Number of protein chains: 2
Amino acid sequence: MSDYDDLMAFTRDTMALQQVSGRLGWDQETMMPRGAAPQRAEEMAAMESVLHARRTAPQVGDWLGKIDAESLDDVGRANLREIRRTYERTMKVPATLAARIARVTSEAQGIWAEARAADDVAAFLPTLSEVIMLKREEGQALAAGGDVYDAMLQDYEPGATGAELQAMFNEMRPVLSDLRAAVRDAEAPPRLEGSFDEGAQMKLTRQLAKAFGYDMSHGRVDKAVHPFSSGSGLDVRITTRTNPADPFNCFYSTIHEVGHAAYEQNIDRAHLLTPLGRGVSMGVHESQSRIYENQIGRSRAFTGWLFAQMRQAFGEFGIADADAFYGAVNRVNDGYIRTEADELQYNLHVMLRFDLERALMQGDLLVSELEGAWNDRFEADFGYAVDKPSHGVLQDVHWSVGLFGYFPTYSLGNVYAGCLNTAMQAALPDLDAALAQGDTSPATAWLRESVQKYGGLMQPKETIESASAQKISAAPLLGYLKGKFGGLYGLPSGG
Amino acid sequence: MSDYDDLMAFTRDTMALQQVSGRLGWDQETMMPRGAAPQRAEEMAAMESVLHARRTAPQVGDWLGKIDAESLDDVGRANLREIRRTYERTMKVPATLAARIARVTSEAQGIWAEARAADDVAAFLPTLSEVIMLKREEGQALAAGGDVYDAMLQDYEPGATGAELQAMFNEMRPVLSDLRAAVRDAEAPPRLEGSFDEGAQMKLTRQLAKAFGYDMSHGRVDKAVHPFSSGSGLDVRITTRTNPADPFNCFYSTIHEVGHAAYEQNIDRAHLLTPLGRGVSMGVHESQSRIYENQIGRSRAFTGWLFAQMRQAFGEFGIADADAFYGAVNRVNDGYIRTEADELQYNLHVMLRFDLERALMQGDLLVSELEGAWNDRFEADFGYAVDKPSHGVLQDVHWSVGLFGYFPTYSLGNVYAGCLNTAMQAALPDLDAALAQGDTSPATAWLRESVQKYGGLMQPKETIESASAQKISAAPLLGYLKGKFGGLYGLPSGG
């Protein structure tokens, strides 16, 4: 066996163990009996300690030092690139710091949950300060003199920089803000009201998952408190949730998670249990979940079919016809919560967080100033004040668990989805006719062949640019949103 | 930290990782999508390789060499004893042999399943020969000059010997054989017939699990092809199965698995994730599942309550009254299959396998002679001939996966249950009155306090002898069976 073969065999086992850890996480959210939590924490910690030892194993460094990348093919070079990136990243952070971050963020998550429940910002700030201090220390170790926030971004979106994102967001924000103001002044489409049987929601949601190409022989759908997708390759499971008053939440959460899961399921099987056998970045991942959910799932054509399915499942529910239903699905509502925001407003929520967390990491914003900065910015962007911290600075788990640099990948995913959508629509002129029949297969096949099958073979930006045959820009997304919401709300420039 | 503390911290992580492996096994049988199998095999192999490295870690040998057992308390000495036993056992078997056994038995299981489906003994024998050769080699390594079969027994029942088991079985076999012949000549109780809704079976089976003290906050009940219990400590899950024609199979499988699971759940929490925090042997485990299932669950008192529950769940089902129902539950039927056998005949199935596998391991029986030996012995013990190999030598998975020395622990468990039962009945004179109300709590509390809470603190024999306040012998079991079936079948010597 060559050094490369040895490295890959070792890596393959590590990836298999990572899948095991992921499966435990899924079990915890879906199947685990409540009283098992303390034991599960020890099981997870034992797995993490095995994984950490493998990630920092000296033989990985030896192999990386000896293997000549030029002797490898494309796949070999891509694997080597990913293994090297992960190894160098891990080795830059002192083990004691990594252990402190793990301990503090694990405690901070519980403190955050209690503070949110009590709407008590002060109860969270000391812990958040400690998390930020430790994460900045980690960022400095990773940046080695460069920009701390840029260094953190690499964990979620390799190749991205804060400056680039800032420029893109600066372009998006006024357009979205203006569009939002115009929509608020216009007449709104009807609102979905009534009560919808949860069993029937689950039945239809499974139908939707299959309609979007989710492979049930390599996955399953369960209920959980939060919708998520878990696993790679041959075993990618999703969760959804039901609420009698809000079937759209169930259906569009499912379609969103199917986007994530289909990406993992559709990666070329040759990459199974290698660094290339999983989604290449958070942004590219989100591009898939978002294009499934929004550009396909919330289109006029597909919602026409969904309207008929819902009428079959639930009978008459007070929406007159498919046009009104399309309006109800895409209705723009006031609200405080990012995860409940519609396509139009979602990115405004993300940009707020991006600016604040970048300033926190760069030392330009103090933790004591955070709530005020959040509230001021929210009111400026949304036109009304945050009414309580659980609707504001305490709403997201991310910062408590140390996820700095993650938020912008949500918006980047939307931007990517915008680019992919223009290319997909050009490649599939008859797509709407298929979607109107509930047939998403032309779209999902195009995404599989253009994006998903490559996994980590190309870098994130290259993945999207080669699939969409254009430079990444926010313009396609902004054009799509202006067209869609302009039409829906009868705005002068719409249509 | 002392060497003992270090050893225990290391061991605790190993036990946590073992729980993770067990959870994957549970997932595979209950939740895993079918297409995930090849990936899961790699995940399991990666876990096994991590566990093997820990079991043979040189530092464990160092710690064992340095720790002075006399400096420890009872718990410490028991932990040390168990860790030493496992370590020395693992180190005696060359890694290459262990790897060959793992590979060959994994293949053999598939070959056995196909051979059984095709009723083709010849298709299985070459593989079985290889398994036996490798297991004998392993047994010789473990025995280090002693008896090969005795060495294998230690994996399942520490302290047991083939000669001791042989003597006990020699005492049991004629008694059971005579009792069986008398029962066959007598008038049989009614047979349960009809079709029983599977949803209602699952509902009642969950009620039964709770009635037997199964703690649902540390466990869950799912359906699987084979009933089993999985896990230790705070997360012990069971499975059951349903068949419209055979609700007793569902209910008594559940009660049996609850016996196993309650043992694991009820071990003193101080032993969590230590070698003492799990059932001490297969025999003691089976004593719990069997006493729950048979001496308690199939008693006249408890079946009276179950009859009422079944009438409530299924309406009238053709059994006249509680006495007739007690007869139907305990009806002795002809049959070929061990797992379907009643209390009276079960041990005859086991003794057959014990004699044959011991002879195979000791070189007194050739694989080519195995089927003939099985069929001759079966006809001698049961009075009719095996009609096809899947009803005979191919019926059990055990030998294909290398489990030699496991079978006798089933009967040992029954013998243990007999000893425990006499002590329990003496301690709880009013037990039947409680059971008649569906209240098993006096019995399950007695078993928890007398047996279960100790986990691995005492050796298996000591565990049973101290709980039952008697030397282990088959006499209590034989007396119980003669009394029960003599009464049920109106035999002259019956009670």
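What you are looking at is a predicted structure, and each value in this text was computed from that prediction instead of being measured. Just so it is clear: chains get the letters A, B, ... in the order the sequence lines come, proteins before strands, and each one is counted from 1. Note that these values count all heavy atoms, side chains included, but never hydrogens, waters or copies made by symmetry.
Options B:V236, B:D13, B:V20 differ in how many heavy-atom pairs under 4.5 Å they form with chain A, and the most are formed by B:V20. Here A:R23 is the residue among A:R23, A:M44, A:R54 with the most heavy-atom pairs under 4.5 Å with chain B. Among the candidates B:M47, B:R34, B:R237, B:R40, the residue making the largest number of heavy-atom pairs closer than 4.5 Å to chain A is B:R237. For the set A:Q19, A:R12, A:Q39, the count of heavy-atom pairs under 4.5 angstrom toward chain B peaks at A:Q39. Highest contact tally toward chain B, considering only A:G35, A:A16, A:A37, is held by A:G35 [criterion: heavy-atom pairs under 4.5 Å]. Heavy-atom pairs under 4.5 Å with chain A peak, among B:P33, B:A36, B:S217, at B:P33.
Of the atoms belonging to B:M216, it is backbone heavy atoms, and not side-chain ones, that fall under 4.5 Å from chain A. Proximity to chain B involves both the backbone and the side chain of A:M31, based on heavy atoms less than 4.5 angstrom apart. Residue A:D215: no heavy atom, backbone or side chain, is found under 4.5 Å from chain B. The parts of B:M32 that come within reach of chain A are both its backbone and its side chain, each placing non-hydrogen atoms under 4.5 angstrom from that chain. For chain A, the nearby part of B:D27 is the side chain; its heavy atoms alone come within less than 4.5 Å.
Aromatic pair B:F228/B:W26: centroids not less than 6.0 angstrom apart.
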Exercise for the section: Could you walk me through whether B:R55 and B:E48 pass the salt bridge (charged side-chain N to carboxylate O under 4.0 Å, His left out) test, one step at a time? Expected result: CA-CA 10 Å; B:R55 287 194 204 103; B:E48 187 46 42; 3.1 Å; yes
Exercise for the section: Take A:Y4 and A:W63 through the ring pair (Phe, Tyr, Trp, His ring centres under 6.0 Å) test and state the conclusion after the steps. Expected result: CA-CA 7 Å; A:Y4 176 75; A:W63 283 316; over 10 Å; no
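Looking at B:T274, its side chain never comes within 3.5 Å of a backbone N or O of B:M8 through a donor-acceptor pair.
The only option from A:H218, A:R278, A:Q288, A:H285 that meets the side-chain hydrogen bond (donor to acceptor under 3.5 Å, both in side chains) definition with A:E264 turns out to be A:H285.
One side chain, A:K223 or A:T242, offers a donor N or O that lies under 3.5 Å from an acceptor on the other.
Here the side chains of B:V258 and B:L208 are not in contact, with every heavy-atom distance at 4.5 Å or above.
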